[in-house]
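Following: one structure in structure tokens, then a few remarks.
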Amino acid sequence: MYQEAEESVVQGLSETCPAGTSQTQAGLATRTTKRQSLSDRTLGKDLQSTRAGQRQNRGMRTRLGCLAHKSDSCSDFTAILPDKPNRALKRLSTEEATRWADSFDVLLSHKYGVAAFRAFLKTEFSEENLEFWLACEEFKKTRSTAKLASKAQRIFEEFIDVQAPREVNIDFQTREVTRRNIHEPSPSCFDQAQGKIYSLMEKDSYPRFLRSKIYTDLLSQTQRRLS
């Protein structure tokens, strides 16, 4: 197909060349056409490679989604509880676990609630949001000016900076505001970024957590213990 197209173009060029056109000019036109044909073939190969990469990425996302679904269970929550799993479940009452559904703030104020929510976020590969929020809460308690600067830099490099190891999803403007803030660090320098991530978790992850198998299994276990 490429060869036929090339011959057709060459023929058209030779027909349109006026009498007296030199063989050198015709040869130059032929070489130009060949280079264009080679460029078309290269472009076709690049397009095929891009499509293959997209198919591979879709397959990877599907496999990760299956993994997340399989790991969404109460057993994954008990594995990371602040106390030994059996002791923790004995201490956690149905009333306490039920209150986590009252508000996101109530959930985050309870150590077992944080542990359960973290376990859920792990199934969605987004636990960096909670870790960033917790790091900001701890940062606000810092009293030493020297430690404030070093902690601010560490949090920025770990969660905020472009391609950070655990980069959170914030907009460019918020990132740049935070970047400026850490040059003169104060306990409030991450407030804007922390607020964005809090809102993201509250509106997006928190409702899914309340519907998750981790939470429903946990409630069932505390209820069975009372029966």
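Worth saying up front: this structure is predicted, and the values here are computed from it rather than measured.
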- Hey, what do you get for OG (S199) to CD1 (I197), rounding to the nearest 0.5 Å? 9.5 Å
- Item | R118 and L134, any side-chain heavy atoms less than 4.5 Å apart | yes
- Task: May I have the step-by-step check of salt bridge (charged side-chain N to carboxylate O under 4.0 Å, His left out) for K151 and E138, ending in yes or no?
- Result: CA-CA 10 Å; K151 285 184 178 181; E138 186 65 27; 5.2 Å; no
- Query: Under a 4.0 Å N-O cut-off, is there an ion pair linking R166 with E158?
  - Reply: yes
- Would you say the side chain of Y198 lies within less than 4.5 Å of the side chain of L108, judging by non-hydrogen atoms? yes
- Hey, does L218 have a side-chain heavy atom less than 4.5 Å from the side chain of W100? yes
- Would you call the rings of Y206 and F117 parallel, tilted or perpendicular, where under 30° means parallel and over 60° means perpendicular? perpendicular
- Message: Could you work out, with side chain to side chain donor-acceptor pair (under 3.5 Å) as the rule, every residue matching D191, not counting sequence neighbours?
- Response: none
- Item | 4.5 Å side-chain heavy-atom contact, L121 and S205 | yes
- Task: Verify the cluster assignment for V114 and F209: are they in a single hydrophobic cluster under the rule of side-chain heavy atoms below 4.5 Å apart?
- Result: yes
- Shortest non-hydrogen contact from P165 toward E157: CD-O, 3.3 Å
- Are the ring centres of Y215 and F120 closer than 6.0 Å? no
- Between C189 and N181 the two heavy atoms that sit nearest each other are O-ND2, 3.1 Å
- Message: Quick one, E96 and Y112 - any side-chain contact, counting heavy atoms below 4.5 Å?
- Response: no
- T142 side chain to K147 side chain, donor-acceptor N/O pair below 3.5 angstrom: no
- Task: Would you please name every residue forming a side chain to side chain donor-acceptor pair (under 3.5 Å) with N169, sequence neighbours left out?
- Result: none
- Message: Please find the pair of heavy atoms, one from N129 and one from V168, that lie closest to each other, and give the distance.
- Response: OD1-CG1, 3.7 Å
- Task: Please check if L219 and F104 belong to a single hydrophobic cluster, counting links between Ile, Leu, Val, Met, Phe, Trp and Tyr side chain heavy atoms closer than 4.5 Å.
- Result: yes
- salt bridge (charged side-chain N to carboxylate O under 4.0 Å, His left out) between D161 and R175, intermediate numbers included: CA-CA 7 Å; D161 206 3; R175 177 181 291 110; 5.5 Å; no
- Message: Taking the basic N atoms (NZ, or NE/NH1/NH2) and the acidic carboxylate oxygens, is any pair closer than 4.0 Å for R179 and E176?
- Response: yes
- Query: Using 30° and 60° as the class limits, which term best fits the ring planes of F132 and F159: parallel, tilted or perpendicular?
  - Reply: tilted
- Output for pair (Q153 CD, L148 CG), nearest 0.5 Å, gives 12.0 Å
- Grab the two heavy atoms, one from K140 and one from R143, that are nearest each other, plus how far apart they are. O-NH1, 3.4 Å
- Does the side chain of R99 come within less than 4.5 Å of H110's, by heavy atoms? no
- Task: May I have the step-by-step check of side chain to side chain contact (heavy atoms under 4.5 Å, CB included) for E167 and E128, ending in yes or no?
- Result: CA-CA 7 Å; E167 183 180 357; E128 69 278 357; over 6 Å; no
- Message: For I160 versus A164, what's the shortest heavy-atom pair and its separation?
- Response: N-CB, 4.2 Å
- Flag for Q192-T174: side-chain donor and acceptor within less than 3.5 Å: yes
- Message: Do V177 and I170 land in one hydrophobic cluster if side-chain heavy atoms of ILVMFWY residues count as linked below 4.5 Å?
- Response: no
- Identify the two heavy atoms, one from A135 and one from I155, that lie closest to each other, and give their separation to 0.1 Å. O-CD1, 3.8 Å
